[in-house]
Amino acid sequence: MSKPLLIDKYGRQLTYLRLSVTDRCNFRCYYCMPEEGMDFAARQELLSFEELYQLSALFCSLGVNKIRITGGEPFVRAGIIPFLRKLSQIPGLEEITITTNGTLSKKHIQALKEIGIRKINISLDSLDRERFHQITRRDSFEAVYACIFQLLESGFEVKLNCVVAEGKNIQDLVPFVELTKDYPLAVRFLEEMPFNGTETFQTPQWSYRKIYAHLNAHYPVLEQLPNAPSSTSVNYRVPGYEGTFGIIPSFSRTFCGTCNRIRLGATGELRTCLYGPPATNLRDLLRLGFSQEQIEQEILDAVSQREKDGFAAEASHAWHASMSLLGG
Ligand code: SAM
Ligand code: SF4
């Protein structure tokens, strides 16, 4: 008998797993975690690499074909490269991508290439060293900037994730688009979401409409690009530019109708929507000795209860966990 697929009651098939391999990070981006006092999970609370592998293989047997490695900062976890190598062997897994803050070391770049990873997202919110420092609370702009070009030179497809916020980086938006003039980069501007690990969050002033209007005022002629079926961004190119830029309505949530993502947090929490509470904890089930079939059934149950969109998901939920734990 063939295995069931992860299809929710609205007919959306979940084929894309976002896997947080650690909640720890060498940065302290203001939108993701407080500067001090982060209560990181104890080592034994994190899914081990063996558990991450077992669960990933189970998801792939249920129709997942793409895994994004995220965190926390994936490259602060020792042993990540051998884990990725093993992950890449899972039958049915067509693509592994990574989201990183770009402080990965040069030697990893070659290893990632050998593993067959081709696409990497780097978080970069400013092209100015001072502003970068203020946003990430670390003075590491040069290293991250250099990493982007090392990746491009090594043949990777590179996207830059930029969280847009008043008083932080508005002066960087046009320079980011200018960076796409000569380089085949895909810049993605994101609305800020309420996952900063604190109780304070205000509705972002910079919605996707405002970001678009700002850029359109500067670039009156923009080519809108065709979208992949489950893409969360609306993408554009300035005519003649090498690269592209896109805008992601991550707070406005206009893309939920085609969302194909499921998230496994670093401590085993399974979320069928970023804005909702965890549906279950797969680490606990594994450690309690549940069989593969029982865990599979838990995952199917979670998917069957998936909410229609991010507004419905957050309705019954206080949502201030750090993105680093959720699998952002
Ligand atoms: N440390 C890696 C990095 O920064 O790329 C991976 C983990 S990070 C949580 C994944 C992505 O989530 C980053 O691109 C980051 O900009 C984004 N992110 C984190 N908190 C966010 C928030 N409150 N609103 C919007 N995006 C956020
Ligand atoms: Fe670290 Fe990424 Fe969160 Fe920044 S966004 S604090 S780099 S996990």
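As the structure is a prediction and not an experimental result, all values here were calculated from the model.
For Asn227, the CG atom counts as densely surrounded, since its 6.0 Å shell holds more than 12 non-hydrogen atoms of other residues, nucleotides or ligands. Crowding of Lys9 atom NZ: a count of heavy atoms from other residues, nucleotides or ligands under 6.0 Å exceeding 12.
Without hydrogens or angle criteria, Asn169 side chain to Ser126 main chain gives no donor-acceptor distance under 3.5 Å. Without hydrogens or angle criteria, Asp182 side chain to Glu242 main chain gives no donor-acceptor distance under 3.5 Å. Checking side-chain atoms of Asn196 against main-chain N and O of Tyr30 turns up no donor-acceptor pair under 3.5 Å. In this structure, the side chain of Thr244 does not engage the main chain of Ala186 through any donor-acceptor pair within 3.5 Å. No donor-acceptor pair closer than 3.5 Å links the side chain of Ser324 to the backbone N or O of Gly71. Checked by atom type and distance alone, the side chain of Arg12 pairs as donor or acceptor with a backbone atom of Lys308 at under 3.5 Å.
With Tyr145 as the aromatic partner, Arg129 does not meet the cation-pi criteria of under 6.0 angstrom to the ring centre and within 45 degrees of the ring axis. Taking the centre and axis of the six-membered ring of Phe251, the NZ or CZ atom of Arg253 falls inside the cone set by 45° and 6.0 Å. Cation-pi geometry between Arg306 and Tyr10 is not met at under 6.0 angstrom from the ring centre and within 45 degrees of the axis.
Contact detail for Ala165 and Trp206: the closest heavy-atom pair is C-CD1, 4.3 Å. Counting all heavy atoms, side chain and backbone alike, Leu112 lies closest to Ile81 at CD2-CD1, 3.8 Å. Between Pro277 and Ala313 the shortest heavy-atom distance is CD-O, 3.8 Å. Of all heavy-atom pairs between Thr254 and Tyr208, the closest is CG2-OH, 3.8 Å. Summarising the geometry of Asp309 relative to Cys256, their closest heavy-atom pair is CB-CB, 3.5 Å, with the distance given to 0.1 Å. Heavy-atom minimum distance, Ala266 versus Val21: CB-C, 4.3 Å.
At a threshold of 4.5 Å between non-hydrogen side-chain atoms, the residues Asn26 and Phe75 do not count as touching. Counting heavy atoms from C-beta outward, Gln224 and Arg237 have side chains that stay 4.5 Å or more apart. Proximity of Phe245 to Leu173: side-chain heavy atoms (C-beta onward) are nowhere separated by under 4.5 Å. When side chains are defined from C-beta on, Leu93 does not count as touching Ser88, because their heavy atoms never get closer than 4.5 Å. Annotation: side chain of Arg188 is in contact with side chain of Asn235 (closest heavy-atom distance under 4.5 Å). Looking at Glu157 and Arg118, their side chains never come closer than 4.5 Å, going by heavy atoms from C-beta outward. Using a 4.5 Å heavy-atom cutoff, the side chains of Tyr219 and Glu178 are in contact.
The aromatic rings of Phe176 and Phe189 sit perpendicular, their planes meeting at an angle over 60°, well past the 30° parallel limit.
Atom CG of Leu151 sits about 10.5 Å away from atom NZ of Lys113, to the nearest 0.5 Å. Rounding to the nearest 0.5 Å gives a distance of 11.0 Å between CD1 of Ile247 and OG of Ser252. Put simply, CZ on Phe156 and CG on Asn121 are 12.5 Å apart, with the number rounded to the nearest 0.5 Å. For the atom pair OG (Ser250) and OH (Tyr275), the distance works out to 6.0 Å, reported to the nearest 0.5 Å. Considering CZ of Arg263 and CZ of Arg68, their distance stands at 10.0 Å, rounded to 0.5 Å. In this structure, the separation between CG on Leu264 and CG on Leu47 is 5.5 Å, given to the nearest 0.5 Å.
Looking at Asp172 and Arg131, a side-chain N of the basic residue comes within less than 4.0 Å of a carboxylate O on the acidic one, giving a salt bridge. Ionic pairing of Glu296 and Lys3 is present here: one or more N-O contacts between side-chain nitrogen and carboxylate oxygen are shorter than 4.0 angstrom.
Looking at Thr22 and Glu73, their side chains never bring a donor and an acceptor atom within 3.5 Å of each other.
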Pairs under 3.5 angstrom only: tabulate donor-acceptor contacts from the side chains of residues 280-287 to other protein residues two or more places apart or in another chain.
unit_1 : atom_1 : unit_2 : atom_2 : d
Thr280 : OG1    : Glu298 : OE1    : 3.3
Asn281 : OD1    : Arg283 : N      : 2.9
Asn281 : OD1    : Asp284 : N      : 3.1
Asn281 : ND2    : Thr267 : O      : 3.1
Arg283 : NH1    : Glu45  : O      : 2.7
Arg283 : NH1    : Thr267 : O      : 3.4
Arg287 : NE     : Glu51  : OE2    : 2.8
Arg287 : NH1    : Gln44  : O      : 2.6
Arg287 : NH2    : Gln44  : O      : 3.3
Arg287 : NH2    : Leu46  : O      : 3.0
Arg287 : NH2    : Glu51  : OE1    : 2.9

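Cluster annotation: Ile120 and Phe83 are assigned to the same hydrophobic cluster (Ile/Leu/Val/Met/Phe/Trp/Tyr, side-chain heavy-atom contacts under 4.5 Å, transitive).
Ring centroid separation for the pair Phe195 and Tyr31 does not come in under the 6.0 Å cut-off.
Each of Thr15, Leu87, Ile67 was compared with Cys60 under the side-chain contact (heavy atoms from CB on, under 4.5 Å) criterion, and only Ile67 meets it.
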